[in-house]
Protein chains: 2
Amino acid sequence: MNQHTTRIFDADLQTLVQKIGEMGSVAEKQIARAVEALQKRDAVLAEQVIATEDQIDALQREVEDKAVVTIARRQPVAVDLRNLVAALRIAIDLEHIGDHAESIAKEAALLTDRTPPREVLVHLELMAQLVRDQLTQVLQSYQNRDVAMALEVWRKDQDVDALNNSIFRELLTYMLEDAHNISYCTQLLFCAKNLERIGDHTTNIAETVYYMVRGQPLSEERPKADITSTLVPSR
Amino acid sequence: MNQHTTRIFDADLQTLVQKIGEMGSVAEKQIARAVEALQKRDAVLAEQVIATEDQIDALQREVEDKAVVTIARRQPVAVDLRNLVAALRIAIDLEHIGDHAESIAKEAALLTDRTPPREVLVHLELMAQLVRDQLTQVLQSYQNRDVAMALEVWRKDQDVDALNNSIFRELLTYMLEDAHNISYCTQLLFCAKNLERIGDHTTNIAETVYYMVRGQPLSEERPKADITSTLVPSR
């Protein structure tokens, strides 16, 4: 590429980075609002979250179109090509994060007879807060091409899994204690699972940032601390 | 493109179609084996499914590399470009389908004290069979560029959702009936949810086939019959 086309390429890339930043902040807000709706049993807020999902999908398509057209027009190689592929991948992860926030909102839209005990909700909120912090940080690592920060997010996903495990354990005890708790516990199990999946997508983004900057996949063994499946009590 | 580059482009595309076919058949087998492991409580089979997940991930990366390099080298437009974007998208959906099959296998790897009643398992197997048929058909619609078939799959996802709803309802009654059922019911709830998500990804593939052939997104309202969230009994 000559100086002129390089400048055009940089502008294309800048547009993509901006759009991904935009998607990220919508996604983060969606998580926050979905969990707030769940906590307050606010069906109106939940419906707003569900209605906003289209925005994220539209942004994902915009990123895809822009990235693909840029690849075809500029024929980039090496790091330039990796930047575009990274944009494609991250937009898809953010779209899935939006889907999971929507799933939480769908659970929140339902009123159950019993309100979950405050302590369960506190743990779920902590988990949501951690997941949002992770998302904010990984998007910052993308913007600044900061591999160290991306790796930090990647490793910290263990904490998300650990919180999921303890929420899972707690909910099971409530279900075993009293059948009247089963309905809200089932809902909250799905919500925690959705938050855990958001954590997984955040970890994917961290891997993409690593690949984008370093030019090779992150080969370290992925930290995994999700053991909910082993927690089912055998009584 | 001149005749020579057209021929090279066609060969590139053919490679992609083949790789996606390969991914699809691995993914389909993964679903079948995961559900078989669940049904037979076969932990060894479950571990094999978990170990095979890497294969699908590797194939996804191969498709991505090939598609991106082809876009950069051949600078395709219109339908040629859509074919490559479709390959990118479908490979990602198949990768997620593989993830969901792995999640089912993880549940299957656990032995619980109680064996689920046969009738619950029968419904789950029916759901798995339908999901696999849908996947086979949508991949055929991709290979043959058959929009009518893709639309059929897309509409039939309602049946997957309907089965999910009835399994959900059934499992809740077992949980309410006897606290000893809670552990396996929780596992099966997650399995049914994973199958439902596989159905969603299959529907995504149908939408991609439509876009690839017709050059515009499928604008019809997506059929949605997942109402599990409304089925939580209020007692």
Side-chain angles (χ1 to χ4, degrees), chain A residues 57 61 64-65 67-77 80-82 84-85 88-89 92-93 96 99 103 105-114 168 171-172 175-180 182-187 189-190 193-194 197 200 211 217 226-235, chain B residues 57 61 64-65 67-77 80-82 84-85 88-89 92-93 96 99 103 105-114 168 171-172 175-180 182-187 189-190 193-194 197 200 211 217 226-235:
Chain A
D57 290 353
R61 287 292 145 102
E64 186 183 85
D65 286 350
V68 165
V69 166
T70 307
I71 293 172
R73 272 202 205 135
R74 318 279 173 231
Q75 300 175 268
V77 291
D80 292 333
L81 183 56
R82 290 203 305 277
L84 297 173
V85 171
L88 277 174
R89 286 190 194 160
I92 289 173
D93 278 307
H96 284 117
D99 283 345
S103 295
K106 281 183 181 165
E107 297 293 342
L110 306 165
L111 293 172
T112 49
D113 52 334
R114 293 213 169 180
F168 191 91
L171 288 172
L172 278 178
M175 289 164 106
L176 292 167
E177 210 170 87
D178 184 349
H180 292 89
I182 288 178
S183 63
Y184 79 78
C185 284
T186 306
Q187 284 197 301
L189 275 179
F190 282 128
K193 190 69 148 186
N194 277 299
R197 286 282 162 89
D200 287 344
Y211 150 85
D226 174 13
I227 51 157
T228 49
S229 5
T230 65
L231 291 178
V232 174
S234 60
R235 315 187 349 166
Chain B
D57 290 353
R61 286 292 144 102
E64 187 184 84
D65 286 350
V68 165
V69 167
T70 307
I71 294 172
R73 274 203 203 132
R74 318 277 172 231
Q75 300 175 268
V77 293
D80 292 333
L81 183 56
R82 290 203 305 276
L84 297 173
V85 172
L88 276 174
R89 285 190 195 162
I92 289 173
D93 278 307
H96 283 118
D99 284 345
S103 295
K106 281 184 181 163
E107 297 293 342
L110 306 166
L111 293 172
T112 50
D113 52 334
R114 295 214 168 180
F168 191 92
L171 288 171
L172 278 178
M175 289 164 105
L176 291 167
E177 209 171 86
D178 184 349
H180 292 89
I182 288 178
S183 62
Y184 79 76
C185 285
T186 307
Q187 284 195 301
L189 275 178
F190 282 129
K193 191 68 147 189
N194 277 298
R197 286 282 161 90
D200 287 344
Y211 150 86
D226 174 13
I227 52 157
T228 51
S229 9
T230 64
L231 292 178
V232 174
S234 60
R235 314 186 351 162

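Side chains are part of it too, since the values below use all heavy atoms of this structure and drop only hydrogens, waters and symmetry mates. Lettering follows sequence order; numbering is per chain, from 1.
Relative ring orientation between F190(A) and F190(B) is described as perpendicular, the plane-to-plane angle rising above 60° on a 0-90° scale split at 30° and 60°.
For T186(A) against M175(B), the heavy-atom pair with the smallest separation is OG1-CE, 4.4 Å. P76(A) and A72(B) make their closest contact through O-CB, 4.3 Å (heavy atoms, listed as atom of the first residue, atom of the second, distance).
Heavy atoms of R73(B) lying under 4.5 Å from chain A belong exclusively to its backbone. Residue V68(B) touches chain A through both its backbone and its side chain, counting heavy-atom pairs closer than 4.5 Å. With a 4.5 angstrom heavy-atom cutoff, L88(A) touches chain B only via side-chain atoms. Contacts between I92(B) and chain A at a heavy-atom distance below 4.5 Å involve the side chain alone, from C-beta outward.
Rounding to the nearest 0.5 Å places CG of L81(B) at 9.5 Å from CD1 of I71(A). Separating the OG atom in S183(B) from the CG atom in L176(A) is a distance of 8.0 Å, to the nearest 0.5 Å.
Every residue meeting the salt bridge (charged side-chain N to carboxylate O under 4.0 Å, His left out) condition with D178(B), not counting sequence neighbours, appears here in chain and number order: R114(B).
In this structure, S103(A) and R197(B) have side chains that are in contact, with non-hydrogen atoms separated by less than 4.5 Å.
Per-residue heavy-atom pair counts under 4.5 Å with chain B were compared for E64(A), E177(A), R89(A), and the maximum is reached by R89(A).
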